[in-house]
A.B. asks: 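Mind looking over this structure? Questions follow.
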Protein chains: 2
Amino acid sequence: MKKVTINDIARAANVAKSTVSKVMNDAPTVSPDTKRRVRAIMKQMNYTPSTIATQLARQSSSTIGMLVDLSRRADFLNHFFYTIIGGIESVAGPLHYELTISNIQSSGPDNFMNRLVRGRKVDGLIMEKSILTREQVDELLQLEFPFVSIGRIADTEGVSSVDIDNALGSGMLTDHLVEQGCRKLAFLGGEPADSIFESRSTGFHRSLKAHGLEGTVSCCEGSAAEGYRLTKELLASGYAPDGIITISNYVAFGVLQALQEANFRVPGDICVATFDDYPLAPYTTPPLTCLHLDTFELGIHAASMLMERIDGSVTGVENRLLLPTLIPRASTQRQRLKE
Amino acid sequence: MKKVTINDIARAANVAKSTVSKVMNDAPTVSPDTKRRVRAIMKQMNYTPSTIATQLARQSSSTIGMLVDLSRRADFLNHFFYTIIGGIESVAGPLHYELTISNIQSSGPDNFMNRLVRGRKVDGLIMEKSILTREQVDELLQLEFPFVSIGRIADTEGVSSVDIDNALGSGMLTDHLVEQGCRKLAFLGGEPADSIFESRSTGFHRSLKAHGLEGTVSCCEGSAAEGYRLTKELLASGYAPDGIITISNYVAFGVLQALQEANFRVPGDICVATFDDYPLAPYTTPPLTCLHLDTFELGIHAASMLMERIDGSVTGVENRLLLPTLIPRASTQRQRLKE
DNA sequence: TTGTAGGCGTTATCAA
DNA sequence: TTGATAACGCCTACAA
């Protein structure tokens, strides 16, 4: 790994290094002839400019950071991490921006706020809504450092964000169940403190009211075991819903299992629909009606909003909401689909 | 975002900037007194050194890159991306190394080889085995650029790698089924060209031979639909195995469904066990016996091997294999477990 | 123990 | 159209 620098090229081409620099940036003030000559030599000497030196000189890192909390193994976003990264890269990459992943866990003086933000290692930040403390949000805001949150940060003015329209999603699921003839609904899953649960259950209630129907909401961890337990409880309690909406595929899975054991027919007796569309959803018994959330799109919006803020073309606060898509499958299919 | 530099601190503290630099690096040749004074001023002025300037001066980027092919949505590793990243970060982070994710898709002169490697944007690289072309591998090797592959690169000398011991894993699954009384096995799933399939099926055959048993191998895409189809075919063909090993949870899921429809009891008539342990595995009917692959550990090894090569403490080629763990569940539980 | 000066590899500003 | 020369912000001999 011997390093060829701009000086070597300049010497070899018999020009000043400033000229070489201009050639690299395709400046119009360089004669086509020298351009050709210098380029030939660069190729021949296998030269590539040092990214770091360029960044120092340009006073820009050309990289954006994604903050994660690696200690949280069960976050909603983990499952979609790869897809979101893909979305981000699809807009940052073509703009020649690098993406660095950083764990907020590391504390002490070497935390992300110093290393990335104050140390100007990145030009902007994307993170999941619940990762930052209130103080960190305020600090970023006060530094006027560009960042975009995935998921809306509660009680915080001034933070731009992208999120799935969860309330609307609940409405879509509810409407769908009602269309299929359900009249007594239950919403299962979600932690009361989680804002995702909050917006989804709010949307559920709002939609129920619009239909003039009743329904219950039961919280639990987003696991199959909990979905199973809660369903058993629900049935034992005597409240017999004819439609169930779950907060995740895992919960839905537990629900299906419990219903099957209790000899309820799905969708005959009870319809089941859920948020998220995991690869297994089409293969449960019966196949699960899902609300697809486009997380790639989430990454795209997060990144493009961030880039706008980095290049200064947009400054205001913006909170985008993305529309989910209903994917009807057999678990709610009481009437034939019109084709 | 006004920037405080080392010069500002030097001026404010009335010392030379070299002294400030020494203070930052806690050099022993600075009096405790000035150290205190300079540090106080740094704190007060809210100073953080520029990562980029430091990198230029130190001639080291202090970052490692992870190469991915974002266009491949269905890779084995995607599902474990977050976990692997976690493993990598857990060793690179404490060493004050950053991690940047880079998409190889972007081609042209601005590809990763120039940007990251020749441009010295990263000190080392980690990637999945099938991402690089033969030429790229050779180029990295020839540049003596440190990199570690996740999964062994076939036909390539000189590349260090970490991988799950897939052949051994097949043996573990086979042994387990045989212990449970199975005598006629089938291995389902895997693409013939994929090296993961190759090592797994090889291990399967080897283990069968050791037991003096017979068995079949059928390839297919790693989806539930294919597992379902293949199982139906297998049963229709008249070959009735009493034990099935699948290459992924998805395939296993399809298998279970097909067996259920055909009125085979699991594990009574046929046992089913699979590679990988997805969150849903304990909730299939019956719960699925799995071979757990520790992908966090995979990240840890990849990163620590890379760091050794970056700091020069290790130079040779090394191919580590990690041991999988069998997680017995009801799908293979014919006899009571001895506790 | 501290300061001076040069270097890391670019970009950018003027003159020439 | 080109070339000196000074940033960019830090590190590191070497000198004081």
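All heavy atoms count here, side chains included; hydrogens, waters and symmetry mates do not. A note on names: the letters A, B, ... follow the listed sequences, proteins ahead of strands, and every chain is numbered from 1.
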A.B. asks: Pick the nucleotide of DNA chain C nearest each of V20(A) and S31(B); which residue has the one closer to the 5' end?
C.D. replies: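 This one resolves to S31(B).
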A.B. asks: Given side chains that start at C-beta, do those of V148(B) and M127(B) come closer than 4.5 Å, heavy atoms only?
C.D. replies: no
A.B. asks: Give the rounded distance in Å between these two atoms: CD1 of I6(A) and C1' of dT11(C).
C.D. replies: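 Whole-Å distance recorded here is 8 Å.
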A.B. asks: Taking only side-chain nitrogens and oxygens of T19(B), does any of them come within less than 4.0 Å of OP1 or OP2 of dT2(C)?
C.D. replies: no
A.B. asks: From CZ of R118(B) over to C1' of dG9(C), roughly how many Å is that when rounded to an integer?
C.D. replies: 17 Å
A.B. asks: Would you please confirm or rule out a distance under 4.0 Å between OP1 or OP2 of dT10(C) and any side-chain N or O of S21(A)?
C.D. replies: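 Checking dT10(C) against S21(A), no side-chain N or O comes under 4.0 Å of OP1 or OP2.
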A.B. asks: What I want to check is whether the side chains of S71(A) and D69(A) have a donor and an acceptor closer together than 3.5 Å.
C.D. replies: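 On atom types as modelled, these side chains qualify, holding a pair under 3.5 Å.
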A.B. asks: Quick check: on DNA chain C, is the nucleotide nearest N14(B) upstream (toward 5') of the one nearest A57(B), or the reverse? Name the residue that is more 5'.
C.D. replies: N14(B)
A.B. asks: Ignoring hydrogens and angles, does a donor from either the side chain of S18(B) or the base of dT4(C) sit under 3.5 Å from an acceptor on the other?
C.D. replies: yes
A.B. asks: Rounded to the nearest Å, what distance is computed from the NZ atom of residue K17(B) to the P atom of nucleotide dC8(C)?
C.D. replies: 15 Å
A.B. asks: How would you label the contact of T51(A) with the nucleic acid (heavy atoms, under 4.0 Å): base, sugar-phosphate, or nothing?
C.D. replies: nothing
A.B. asks: How many Å lie between CD on Q59(A) and P on dG9(C), as a whole number?
C.D. replies: 18 Å
A.B. asks: Does the distance from a Lys or Arg side-chain N to an Asp or Glu carboxylate O, for D26(A) and K35(A), drop under 4.0 Å?
C.D. replies: yes
A.B. asks: Do the non-hydrogen side-chain atoms of P49(A) and M24(A) ever get within less than 4.5 Å of each other?
C.D. replies: yes
A.B. asks: Nearest-Å distance, CZ (R58(A)) to P (dT13(C))?
C.D. replies: 13 Å
A.B. asks: Taking NZ from K35(B) and P from dT1(C), how many angstroms apart are they, rounded to a whole number?
C.D. replies: 9 Å
A.B. asks: Just the rounded figure in Å: distance from C1' of dG6(C) to CG of N7(A).
C.D. replies: 14 Å
A.B. asks: Using a 4.0 Å heavy-atom cut-off, does T29(B) contact any base of the nucleic acid, only the sugar-phosphate backbone, or nothing at all?
C.D. replies: base
A.B. asks: Is it true that R309(A) and E318(A) have a side-chain N and a carboxylate O under 4.0 angstrom from each other?
C.D. replies: yes
A.B. asks: At the 4.0 Å heavy-atom cut-off to chain B, mark where contacts on DNA chain D begin and end, going 5' to 3'.
C.D. replies: dG9(D) to dT12(D)
A.B. asks: Do S161(A) and D163(A) meet the criterion of a side-chain donor-acceptor pair at a distance under 3.5 Å?
C.D. replies: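 Not at all, the side chains of S161(A) and D163(A) share no donor-acceptor pair under 3.5 Å.
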A.B. asks: From the list dT1(C), dG3(C), dT10(C), which nucleotide is the closest neighbour of the side chain of K22(B)?
C.D. replies: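 The answer is dG3(C).
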A.B. asks: Is any side-chain N of the basic residue among R320(B) and E297(B) closer than 4.0 Å to the acidic one's carboxylate O?
C.D. replies: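 Salt bridge absent between R320(B) and E297(B).
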A.B. asks: Can a side chain N or O of Q55(B) be found less than 4.0 Å away from OP1 or OP2 on dG9(C)?
C.D. replies: no
A.B. asks: How close or far is atom C1' of dT10(C) from atom CG of L56(B), stated in whole angstroms?
C.D. replies: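 That distance rounds to 8 Å.
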